[in-house]
Amino acid sequence: MGRYTGFIALGLMIAAAAVYSFLPSDAPVERASPPASPQAEMPSTSQDNAKPSDPSAVSEVPQGSGFDFYVLSLSWSPTFCDSEAAGRNREQCGGAKDFGWVVHGLWPQNEKGWPENCPTPEGSRVPERIGRTVIDIMPSMGLIGHQWRKHGSCSGLGMQDYFKLVREAHERIRIPPELATVSRESRTSPQAVEAAFIRSNPGLTRSAVAVTCDRERVDEVRICLDRSLGFRACPEVDSRSCRRSEITISPTR
């Protein structure tokens with residue numbers, strides 16, 4: 001039995017040596033990969049901070065209510081100042097004033113008709129501190145007060161927010177260079193004035209703008225805006241465009 005035990009032990013030693021011979025002498029030790037750097041997992045900073053090319057795409061405006069859209073009415077000041085009503089507005093027409101396009105108003109409008117003279121807890125008088133925020137584009141405290149009472153009161157906005165919106169609406173419209181300042185009286189057509197505003201304001205279409213006239217003179221350009229101040233069609237407003245083939249543009253003074 002002893003000799004059999006020796007043979008068994010010898011066999012086990014030979015088998016162990018054979019298995020060991022197949023093992024690599026310097027097997028590498030696998031290490032856990034380090035966690036990815038937090039910076040590597042973040043999206044590109046330049047993409048995060050990239051701003052839309054159109055500032056109006058991200059600009060927030062006070063949201064009115066109780067109507068369908070706005071009409072921004074831009075008045076050609078020389079035509080108004082040649083009218084009988086100008087005598088009551090020395091701020092706009094007195095002395096050597098040379099205003100061109102001024103804001104007549106920002107009017108809440110419905111698809112058919114419009115609201116006006118709505119009851120409001122804000123009162124009817126516009127304080128001078130608020131009026132002075134838009135006096136450069138609505139050059140008369142009388143005009144500012146009238147527009148608030150008749151139109152702003154129906155916007156669903158407080159007085160301060162309404163005139164903030166008036167400013168914002170005005171700043172979104174680009175006046176065509178050829179119509180910004182007129183040094184001498186000229187003849188044109190309502191269609192040409194409309195086309196000039198469309199060229200200068202990408203996204204504005206013929207169905208969203210109307211040119212009105214006071215007899216033979218250009219009077220106003222009326223642009224329709226949604227409640228976020230984007231351009232929108234307004235068939236009823238457009239139907240009131242001037243039908244004359246030619247109109248006069250009086251020079252700024």
Side-chain angles (χ1 to χ4, degrees), residues 69-107 109 114 116 134-147 150-151 166-167 169-225 231-253:
F69 61 96
Y70 292 107
V71 175
L72 176 66
S73 179
L74 300 175
S75 172
W76 183 242
S77 187
T79 297
F80 171 76
C81 290
D82 284 340
S83 69
E84 294 180 2
R88 300 192 299 270
N89 188 346
R90 306 308 297 169
E91 292 173 279
Q92 181 175 343
C93 303
K97 302 296 175 61
D98 59 353
F99 291 104
W101 296 100
V102 300
V103 175
H104 180 179
L106 182 68
W107 306 333
Q109 188 90 7
W114 59 88
E116 60 180 47
V134 291
I135 196 71
D136 58 318
I137 58 175
M138 298 181 77
S140 162
M141 285 300 297
L143 171 63
I144 291 168
H146 174 72
Q147 290 302 308
K150 186 173 183 179
H151 300 289
V166 169
R167 165 71 65 183
H170 175 266
E171 290 183 354
R172 293 196 182 199
I173 303 302
R174 296 182 179 90
I175 303 298
E178 65 270 31
L179 296 175
T181 302
V182 178
S183 59
R184 59 184 179 182
E185 183 176 289
S186 61
R187 298 283 289 176
T188 186
S189 68
Q191 295 78 16
V193 174
E194 183 178 290
F197 272 85
I198 290 172
R199 284 195 304 271
S200 294
N201 293 275
L204 182 62
T205 63
R206 293 183 61 186
S207 62
V209 58
V211 176
T212 67
C213 52
D214 176 10
R215 296 186 294 275
E216 294 186 358
R217 297 177 297 180
V218 66
D219 185 23
E220 297 187 341
V221 172
R222 296 175 179 175
I223 298 172
C224 297
L225 305 167
F231 300 126
R232 60 101 75 194
C234 47
E236 186 180 56
V237 176
D238 187 46
S239 69
R240 296 194 179 94
S241 295
C242 180
R243 300 303 177 192
R244 290 184 174 275
S245 59
E246 281 193 332
I247 52 177
T248 298
I249 301 182
S250 301
T252 51
R253 299 179 180 178

Note: R199-E178 ion pair, threshold 4.0 Å (strictly below): yes

Intermediate values then yes/no, side chain to side chain donor-acceptor pair (under 3.5 Å), E220 and S73: CA-CA 7 Å; E220 297 187 341; S73 179; 2.7 Å; yes

Main-chain N/O of F197 paired with S200 side-chain donor or acceptor, under 3.5 Å: no

Short side-chain to backbone donor-acceptor contact, T252 and V182, under 3.5 Å: yes

Min side-chain heavy-atom separation H104-Q147 under 4.5 Å: yes

Pairwise disulfide (SG to SG under 2.5 Å) hits with a residue in residues 183-222, at least two apart: C213-C242

Set of ring pair (Phe, Tyr, Trp, His ring centres under 6.0 Å) partners for F231, sequence neighbours left out: none

Main-chain N/O of I249 paired with E185 side-chain donor or acceptor, under 3.5 Å: no

Centroid separation W107 to W114 less than 6.0 Å: no

C234 vs R240 side-chain heavy atoms within contact, under 4.5 Å: no

Under 3.5 Å donor-acceptor, D219 side chain and T212 backbone: no

Side chain S140, main chain G142, donor-acceptor under 3.5 Å: yes

Salt bridge present between D82 and R217 (N-O < 4.0 angstrom): yes

Whether over 12 other heavy atoms sit under 6.0 Å from R184 CZ: no

Non-hydrogen atoms of S77 and F99 that approach each other most closely: CB-O, 3.4 Å

Verdict with reasoning, V71 to I223, per side-chain contact (heavy atoms from CB on, under 4.5 Å): CA-CA 6 Å; V71 175; I223 298 172; over 6 Å; no

